[in-house]
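Notes to accompany the following structure.
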Amino acid sequence: MGAYIIRRIFGMLLVLLAVSFIVYLIFIVIPGGDPAQRIAGKVATPGNIRAIRHSLGLDQNFIFQWWHMLTLLFTAKLKSYANQTNVVDQIKQGLPITFSLSIGAAIIWMGFGILVGLISAVKAGRLSDRVITALALIGISLPVAWLGLVLRYFFAGEQGTLAWFPDGGYVALTQNPVQWFYHLLLPWFTLAVLFIGFYGRVLRSNILDTINEDFVRTAKAKGLTTRRILVKHVLRASLIPIVTLFGLDFASVLGGGAIITETVYQIHGVGWYAAQSIGSQDLPPLMGVTLFGAMFIVVFTLLVDLAYAWLDPRIRLT
Amino acid sequence: MATTGQEEFTLDTAAELAAEEGGGQKIEGKSPWVIAGRRLRRNRVALASFAVFILVVVCCLLAPVYVSHVSHIGVIDNRNDATVIVNGKPVRVISNSHTTIKNGIPTIVPGGIPIGPQYFAAGGKYILGADEEGRDIATRLLYGGRNSLFIGVTSAAVCTVLSVILALLAGYFGGIVDWIISRFFDLIWAFPVILLAIALGTALEVNGLHQGFHVFGKFIGLNLSGSSLWITVFVIAFVFVPYIGRPLRGQVLALRNREFIEAATAQGAGSPRIMFTELLPNIASSVLVLFTLIVANAILTEVGLSFLGAGVRIPNPSWGTMIEEGQSSLATAPQISLFAGIAIMITVLAINIFGDGLRDALDPRAKIRIEH
């Protein structure tokens, strides 16, 4: 087990290095991706461009440049090309905001996802199952950006038909917990809808599969109540695959997956920072945010594998 | 969980559902595809969804007909200063600012608000209203649909072909080939999907993609301008590769040691032949289902990319760019974003329902899904 974890961590570091290299490649090697040219603007002289290239170290060996950027990033000295702000500071600033958004949304999508899956499986084939399944399908067919805009249009701001919520923005939890909750409620649901639909569907099919397993028949033969079988046996077994999904989805939402929701609601988290940097084609922040996101994904992938082995003893980690 | 009504619940629900499906038709001597086709034909909802999808495609393809016969406004025709006759009265397409007397106080009403949905009051013009440039939304919706559907279907096709080849190579050869391909999947997997797509999209759209080589003076390779739709297609195809490559590799790996592969090897079949005539038909049903799921996801990804400015380039319309364009004037002209979103929802929903039906028909027990 120890050796397995050490090997995995080593592999994770390699993947992160490769991720950073690819991001670097995307922005430097692809034709037209020269940051100096972009910073200099359209009317720059070759002299201007050369001067900028030199000041950024872009006239040096390619591998060296990439390594240089990584060292700067890990010593928290990397600065944006566009406005000279410190990338690590900016990510740190956005972190509590993105965490608030992601964790709240995750709680909502897990809770509702389990509820949707459970109800539709128990009522399989009946009208309520059909209605819930259809709603879940609609949930996974909605573009997040549009859902956010529509919710904002109807439920937020002064123009809204039912203006119950503030129109975007964010209030820190430490500043005012009530306002924090109030401001995040719409973004949470916007982010969660897709996952509620998705998890509900997965759970429904898992439950329907598990119901036919032998251990469920045994439990029934023992004379356990249906409710007890459902919650203690069926649901527990059916939730194992959900754990995998949840770990990966949560990591990707933390690591920049909330970018669209944050943009729609003007929540200045990590995703919003990435979106801003993309507008100005600013490599250092994108490098920082992508590595930050990839880190969450690889760490959670490991955690998911460990949790999976722990929940299902038949799985051996090799 | 008190509200779930346990008394109605029977543990045999799934078995009952399976029994209903029998239908009593003979299945002996029929190929799996024929049986699947028969199952699919019984699934009215899935068939109706497929019909809806085809209807959307046909409508979008008929966009030029719509322009020449109904709206009479081209897809990028700005009508900032124009007026349109609504019920016999001229109305400005983009409103002027003007002063009204409100409670005895003169108030300035700001202009720049595009005309709302007219339905048929303006004789076919601006049925769904105008956008901020005075362009006809219904027209742009149809042309945008062409682009969105093209991106969705083409990127799913590119992605599927690429993933199938990689999965076959990895699963069949194993060893170092499998190791390299699996690490490639891991690597793409480790990227936050939307960030990778945006980074690629942004970088490629600066100067386009020009990769290739010259053979006898002829250019072979890709030569795409920055505004080409193919850039978005390749970006989306690329980021989704591990999401189908991984499950397919697992399937090929499981089939690799089955007797029929051994038999083919014993008959002297070469590697390409085993891969494409023995292994591929056995994963074909999964490929088909995954393809429909990727189409749905690709259409949604295009929206995200275009929304963040890394997808389809304006003034080219797509459903994603239309949502993005309507963002700033949501309060005054919600029609710009609203209808594009409804179009996406209908299309993606239809594909998803059909995909579900297809999966149920091909292999009811298969657990094929795309993990986000």
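Values reported hereafter were calculated over all heavy atoms of this structure, with side chains retained and with hydrogens, waters and symmetry mates removed. Just so we're on the same page: letters track the sequence lines, and every chain starts at 1.
Contact annotation: the side chain of L195(B) never approaches that of F292(A) to less than 4.5 Å [non-hydrogen atoms, C-beta and beyond]. Side-chain atoms of I353(B) and L137(A), non-hydrogen and from C-beta on, do get closer than 4.5 Å to each other. Between P192(B) and I297(A), some side-chain heavy-atom pair lies under the 4.5 Å cut-off. Considering only heavy atoms from C-beta on, W146(A) stays 4.5 Å or farther from V303(B) through its side chain. Looking at heavy atoms from C-beta onward, W189(B) lies in side-chain contact with L248(A) at the 4.5 angstrom threshold. Counting heavy atoms from C-beta on, the side chains of R183(B) and V15(A) never come closer than 4.5 Å.
Ranked by heavy-atom pairs under 4.5 Å with chain A, the list V45(B), I194(B), L338(B), I344(B) is led by L338(B). The most heavy-atom pairs under 4.5 Å with chain A, out of T301(B), D186(B), D356(B), I188(B), come from D356(B). The residue among I299(B), T347(B), I351(B), V348(B) with the most heavy atom pairs within less than 4.5 Å of chain A is V348(B). Each of A18(A), P143(A), A134(A) has some count of heavy-atom pairs under 4.5 Å with chain B, and the biggest count is that of P143(A). With chain B as partner, the option from I259(A), V298(A), L286(A), V150(A) having the largest number of non-hydrogen pairs under 4.5 angstrom is I259(A). Between chain B and the residues L291(A), L14(A), I138(A), the most heavy-atom pairs under 4.5 angstrom are made by I138(A).
Of all heavy-atom pairs between L300(B) and S141(A), the closest is CD2-O, 3.8 Å. Across every non-hydrogen atom of L149(A) and Q327(B), the tightest pair is CD2-CG, 3.5 Å. What you find for P334(B) and Y153(A) is that their closest heavy atoms are CG-OH, 3.3 Å.
There is no contact between I346(B) and chain A, counting heavy-atom distances below 4.5 Å. Looking at A274(A), the atoms closer than 4.5 Å to chain B (heavy atoms on both sides) all sit in the side chain, from C-beta outward. For chain A, the nearby parts of A199(B) are the backbone and the side chain; heavy atoms of each come within less than 4.5 Å. For F307(B), the part lying under 4.5 angstrom from a heavy atom of chain A is the side chain only. If you measure heavy-atom distances from V253(A) to chain B, you find no contacts under 4.5 Å at all.
With rounding to the nearest 0.5 Å, the separation of CG in L349(B) from CG in L142(A) is 8.5 Å. Remark: I198(B) CD1 to I26(A) CD1 distance equals 11.5 Å, nearest 0.5 Å. Between I278(A) atom CD1 and L308(B) atom CG the span is 6.5 Å, to the nearest 0.5 Å.
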